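Everything numeric here is computed off the predicted structure, so don't read it as measured data. Sequence lines set the chain letters: A, B, ... in the order given, protein chains first and strands last, and positions in each chain run from 1.
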Amino acid sequence: MADGYDPTSIELRWQQRWIDEGTYEIDNDDPRPPYYVLSMYPYPSGPAHIGHVRNYTFGDLLVRYRTMQGDGVLSPIGFDSFGLPAENAAIQSGMHPREHTDANIEALSSSLRRIGAVYDWRRQVKSHDPDYMKWSQWIFLKFYEAGLVFRDTAPVNWCRGCQTVLANEQVIDGLCDRSSDPVERRDMEQWFYKITDYAQELLDDIDDLDWPERVKIMQRNWIGRSEGAEFGLPIAEADGSARTDVEPLSVYTTRPDTSFGMTFAVMAPEHPRVDELTSPEHAAEVAAFRTDTSAKSEVDRLSTVGDFTKRGVFTGSHVVNPFTGVAIPLYLADYVLTTYGTGAIMAVPAQDQRDWDFATAYGLDIVRTVQPPDDFDGEAYTGDGPAINSATDSLDLNGMGVTEAKAAATDWLEQRDLGVRKVNFRIRDWLLSRQRYWGCPIPIVYCESCGEQPVPLDELPVELPHDIEFLPTGQSPLLFHEGFLTATCPSCGEPARRETDTMDTFVDSSWYFLRFADPFNHDAPFSAEAADHWLPVDQYIGGVEHAILHLLYARFFTKALADLGAAPATLREPFQRLFTQGMVRLGGGRMSKSKGNLVAPEAIIDEVGADALRLAILQVKPPAEDVDWEDFQIEGCSRFLNRVWRLAAPGTDLFSSARTGDLTDADVEIDRATHVLIDRITGDYDRWSYNTAVAAMMEFTNAVYKYVQSEQGPHRDTLDAAVDALLRVMAPAVPHISGELFELRGHGDIHAQPWPGFDPAKLVTSTETMVIQVNGKVRDKIDVAVDISDADAEALALASEAVQRHLDGGEPRKIIVRAPKLVSIVA
RNA sequence: GCGCCAGUGGCGGAAUUGGCAGACGCGCAGGGUUUAGGACCCUGUAUCCGAGAGGAUGUGUGGGUUCGAGUCCCACCUGGCGCACCA
């Protein structure tokens with residue numbers, strides 16, 4: 001064939017055309033129903049890798065499909081362009097992070113265009129663009145004003161390798177999630193966002209999200225709500241009586257019902273009252289223990305394996321168990337953390353395994369207060385059961401189950417003013433300070449006389465100086481840049497020093513989806529009207545690795561911005577539907593730059609075209625599942641596209657041999673198959689079943705080939721209708737080839753076409769294959785009319801020779817008829 | 001340990017409501033076309049018995065419900081992911 005399928009030239013031409021014609025640009029006053037499709041904000045690390053391509057192919061299919069369905073689709077793209085890798089590259093290679101980043105953005109943009117993904121490029125945002133930074137800082141200051149920002153000295157996670165502070169979310173099993181170095185603890189002045197103010201709402205609103213269940217579970221776990229009681233343990237005199245001149249030691253427990261089994265108490269080594277509550281003769285030991293603990297990683301501290309004898313120390317003091325009035329020893333132990341609850345616990349070894357281990361190691365009493373089942377052979381028992389050993393004159397819990405006893409114990413505390421019901425959350429405030437250059441500067445200055453001062457809104461953005469020297473010292477280069485450091489106090493006008501911390505890059509990705517709604521706004525990050533028009537995102541697409549960090553922060557920002565009046569008050573959630581696509585692996589392992597086993601999509605596109613690659617991505621596996629690169633069937637997909645080309649391109653033999661005139665049964669059958677195709681693909685696209693959609697296209701194409709090659713040959717009208725429908729349903733998946741063929745066939749721009757409808761009446765056949773089972777086994781199949789009566793179906797089944805053979809003269813005991821599909825005979 | 005998800009041919013997978021298991025593709029085999037190769041077209045391809053007709057077995061394992069189970073229920077095995085001793 002002279003004019004064979006040449007993907008490269010076709011694809012480049014269409015890609016240019018979509019950009020030149022602004023096909024997927026959309027204005028906020030577009031009259032079509034708004035539909036917002038968004039793929040997660042990519043970090044520009046260079047040309048797209050195969051995982052990116054998979055992600056953006058799914059997004060692009062949806063953009064094109066919804067457009068054909070008649071929606072006004074918002075399909076924006078931007079770049080999460082701040083972050084550590086650019087700065088590390090600068091230290092290593094001397095290339096400025098800005099140049100490094102800009103080059104990577106160009107490379108990634110080019111990749112996205114090469115796979116045929118379409119966006120409204122006008123709306124593009126980049127985190128490091130001063131125009132974007134301005135509004136990141138503006139939001140910081142609004143949060144500051146509203147009390148959602150604070151500064152505090154806090155033990156922070158310090159990564160020695162990266163020489164920076166990490167958020168809790170970036171610490172995985174005590175190791176840095178980027179460099180895998182062990183994370184140490186250090187005290188620093190840090191900026192925080194008060195995400196804990198929204199803990200309850202963030203938890204409650206998860207229920208209504210159309211998200212994968214496991215992501216919702218992960219968020220609930222992370223927020224970690226627990227209900228319990230907080231109460232005081234009075235400090236004991238030498239004789240064991242309670243002191244009234246000193247504040248009791250406050251503890252939090254989720255098991256107030258077990259309080260009678262409290263045989264000792266434990267403070268975190270960092271607890272502020274350690275010095276006060278340590279007796280002089282134990283001071284040296286306590287000090288040594290605290291030093292040891294501070295050097296330990298969080299993994300070691302929370303571990304429950306191994307010897308407990310070195311993991312605690314006696315303070316020399318006692319406290320009083322308010323339930324029993326008995327004085328019990330007060331210890332420090334590394335497994336108690338200052339960051340959760342009150343930083344001190346009541347220890348109940350019989351019902352908590354760590355307490356049990358500790359008690360065993362230190363020879364402390366163990367008293368059961370919940371009766372374990374008879375067959376229980378463990379140590380600490382945490383299950384349900386009747387309370388025992390839990391009674392005094394004023395409170396008797398004995399016999400109650402855990403739930404009832406909890407309530408009774410808490411009521412008792414509240415009635416006596418000893419304690420209160422308390423809800424605790426595991427989630428902690430969001431530490432956003434980073435001691436790094438390549439991030440958005442925190443817009444604060446420090447004045448000797450006026451103290452901490454927010455930068456006035458009209459002075460934003462605080463920009464990063466460009467002339468910076470990168471040294472591997474681990475300290476932010478901003479600390480040594482006089483021009484940046486020097487500022488004027490907005491309050492008194494005297495010289496002041498600028499904050500050198502920059503923001504965590506998760507700040508940038510926490511509101512970019514709002515900026516996309518109104519990217520040209522010069523007066524605000526976005527208008528409430530624009531946000532109201534587009535948000536929430538109708539379909540968000542990304543990796544499950546962002547299940548906690550990014551998605552939780554973005555939810556927090558959206559709620560806070562709505563409460564501050566920047567976003568519509570009704571906008572409580574940013575992403576109504578979330579789809580998490582699986583990862584692309586190689587040989588069962590992870591693909592990574594360091595392993596040097598990255599698959600380069602560009603090389604594949606050069607060889608077989610972007611459409612074949614897209615089709616292979618869609619075909620290989622259900623989108624939600626991880627997939628191995630070795631399983632991709634690029635060749636089969638390329639072969640299929642060639643088959644379609646030969647079928648649909650005008651001027652081929654297939655096309656010119658078509659007959660005209662009356663329609664035959666074969667024509668009716670192909671017409672029916674065409675409607676089935678549209679029906680199937682519509683359903684498959686709607687439910688993200690792209691692999692079966694591709695199978696449907698292939699099956700249909702095979703059927704049309706058979707039809708064309710049949711003796712009587714194809715009818716021109718039937719063939720035209722079949723092929724045009726095929727191209728239309730393929731358009732969202734393989735936009736270049738279907739666009740090219742549709743145009744060559746003289747029908748104009750396929751992407752401006754409405755989604756094809758189908759006639760339900762045409763889906764039904766006149767006959768159906770009826771299956772006949774004897775004792776559950778298929779014994780015969782008979783073609784019957786679809787409207788056959790049950791009685792006729794039964795008679796037909798019994799008349800079957802095969803059925804009679806298997807009945808072997810016996811009488812059927814029971815016959816189940818599901819006409820016209822099935823007759824089941826029990827012999 | 002707790003929670004979630006998955007397990008189907010040589011391989012990736014399909015089976016939307018309990019009703020023909022293995023669609024579609026890859027791979028493999030045979031044939032056609034071609035000077036040849038490639039490309040293309042056609043046919044076959046779960047396992048076992050059988051020349052064939054046909055039969056038996058079969059969706060991780062073991063039970064159960066049902067006329068009928070890949071699908072529902074119970075117990076278990078294996079793998080992946082999350083949480084993990086947060087009081």
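- Between A:R818 atom CZ and B:U66 atom P there is a gap of 15 Å when expressed in whole angstrom units.
- Taking a cutoff of 4.0 Å between a charged side-chain nitrogen and a carboxylate oxygen, A:K821 and A:E768 qualify as a salt bridge.
- Using the Watson-Crick or G-U wobble rule with both distances under 3.5 Å, B:C72 pairs with B:G64.
- A straight line from NZ of A:K216 to C1' of B:C83 spans 18 Å, rounded to a whole angstrom.
- Listed nucleotides: B:G82, B:C67, B:C86. Nearest to the side chain of A:R428: B:C86.
- Using a 4.0 Å heavy-atom criterion, one finds that A:K781 contacts the bases of the nucleic acid, with or without backbone contacts as well.
- The base of B:C67 has none of its N or O atoms less than 3.5 Å from a complementary donor or acceptor on the side chain of A:K814.
- Comparing the same atom, P, in B:G27 and in B:A15 gives a spacing of 23 Å after rounding to whole Å.
- For the C1' atoms, the distance linking B:U61 with B:G12 amounts to 25 Å, nearest Å.
- At the phosphate of B:G54, neither OP1 nor OP2 sits under 4.0 Å from any side-chain N or O atom of A:R805.
- Residue A:Y340 places its side chain closer to B:A87 than to any other of B:A87, B:C83, B:C67.
- Nucleic acid contact class of A:S824 (heavy atoms, under 4.0 Å, all strands): base.
- Across B:C83 and B:A14, the matching C1' atoms stand 34 Å from one another, rounded to whole Å.
- The CG atom of A:N642 sits 17 Å away from the P atom of B:G38 (whole-angstrom rounding).
- Along RNA chain B, the nucleotide nearest A:E635 and the nucleotide nearest A:E768 are compared for position; the residue whose nucleotide lies closer to the 5' end is A:E768.
- When Watson-Crick and G-U wobble pairs are counted only if both distances are under 3.5 Å, B:A29 pairs with B:U43.
- One can place CG of A:L822 at 14 Å from C1' of B:U66, the figure rounded to the nearest angstrom.
- The partner of B:G37, taking Watson-Crick or G-U wobble pairs whose two distances both stay under 3.5 Å, does not exist in any strand shown.
- When distances run from any side-chain atom of A:H806 to the nucleotides B:G82, B:G55, B:G19, the shortest one goes to B:G55.
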*Checking side chain to side chain contact (heavy atoms under 4.5 Å, CB included) for the pair A:R646/A:R643: CA distance, chi angles, key distance, verdict?*
CA-CA 5 Å; A:R646 287 192 302 273; A:R643 263 165 87 78; 3.5 Å; yes

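- Within the 4.0 Å cut-off from OP1 or OP2 of B:G25, at least one side-chain nitrogen or oxygen of A:N702 is found.
- Taking atom OH of A:Y335 as the reference point, atom P of B:A84 lies 18 Å away to the nearest angstrom.
- Pair assignment for B:C2 gives B:G82, based on Watson-Crick or G-U wobble hydrogen-bonding distances that are each under 3.5 Å.
- Comment: A:R680 engages A:E699 in a salt bridge, judged by a side-chain N to carboxylate O separation of less than 4.0 angstrom.
- At whole-Å resolution of the value, CZ in A:R779 and P in B:G54 are 12 Å apart.
- Using a distance-only test at 3.5 Å, with no hydrogens or angles considered, no donor-acceptor pair links the side chain of A:Q581 to the main chain of A:F58.
- Using a 90° window around 0 for the glycosidic torsion, B:G9 falls inside it and is classed as syn.
- Of all nucleotides present, none satisfies the Watson-Crick or G-U wobble test against B:C20 with each distance under 3.5 Å.
- No side-chain heavy atom of A:E227 sits less than 4.5 Å from a side-chain heavy atom of A:K406.
- Remark: the separation of the C1' atoms in B:C67 and B:C74 is 23 Å, to the nearest Å.
- Here, B:U43 and B:C49 have their C1' atoms 25 Å apart, quoted to the whole Å.
- Residue A:Q709 has its side chain nearest to B:C42 when only B:A87, B:C42, B:C24 are considered.
- In this structure, the nucleotide among B:A21, B:C24, B:C4 sitting nearest to the side chain of A:R214 is B:C4.
- The side chain of A:Q773 lies closest to B:C20 when the candidates are B:C83, B:C20, B:C40.
- Between A:H550 and A:H546, the angle of the ring planes goes over 60°, which puts this pair in the perpendicular group of the 30/60° scheme.
- Between A:T682 and A:Y65, the closest side-chain pair of non-hydrogen atoms falls below 4.5 Å.
- At whole-Å resolution of the value, NZ in A:K777 and P in B:C20 are 16 Å apart.
- A salt bridge is absent between A:R585 and A:D631; no separation between the charged side-chain nitrogens and carboxylate oxygens falls under 4.0 Å.
- Rounded to whole Å, the P atom of B:U45 lies 11 Å from the corresponding atom of B:G22.
- Using bins of under 30°, 30° to 60° and over 60° for the plane-to-plane angle, the ring pair A:F579/A:W688 lands in the parallel bin.
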*List the protein contact pattern of nucleotides 12-18 of chain B with one symbol per nucleotide (5' to 3'): B for base contact, S for sugar-phosphate-only contact, - for none; contact means a heavy-atom distance under 4.0 Å.*
SSSS---

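- Here, B:G31 and B:A36 have their P atoms 15 Å apart, quoted to the whole Å.
- Distance A:I223 CD1 to B:G3 C1': 17 Å, rounded to the nearest Å.
- Contact check for A:R214 versus A:V544: side-chain heavy atoms found under the 4.5 Å cut-off.
- For A:I217, the listed nucleotide lying nearest its side chain is B:G3; candidates were B:C41, B:G3, B:C24.
- Figure legend. B:G50 is base-paired to no nucleotide; pairs are counted as Watson-Crick or G-U wobble with both atom distances under 3.5 Å.
- Ring orientation note: the planes of A:Y331 and A:F264 are nearly perpendicular, at an angle over 60° on the 30°/60° scale.
- Note on A:R646: every side-chain N or O is 4.0 Å or more away from OP1 and OP2 of B:A39.
- Among the heavy atoms of the strands, none lies under 4.0 Å from A:R813.
- A:G636 comes within 4.0 angstrom of sugar-phosphate atoms only, judged by non-hydrogen atoms across all strands, and of no base.
- Under the Watson-Crick and G-U wobble criteria, each requiring two contacts below 3.5 Å, nucleotide B:A14 is left unpaired.
- Contact annotation: A:S226 reaches the phosphate of B:A87 (side-chain N/O to OP1 or OP2, under 4.0 Å).
- Taking the C1' atom of each, B:G80 and B:G10 are spaced 24 Å apart, rounded to whole Å.
- The partner of B:G58 is absent, by the rule that a Watson-Crick or G-U pair needs both atom distances under 3.5 Å.
- Within the structure, every side-chain polar atom (N or O) of A:R426 is placed at least 4.0 Å from both OP1 and OP2 of B:C83.
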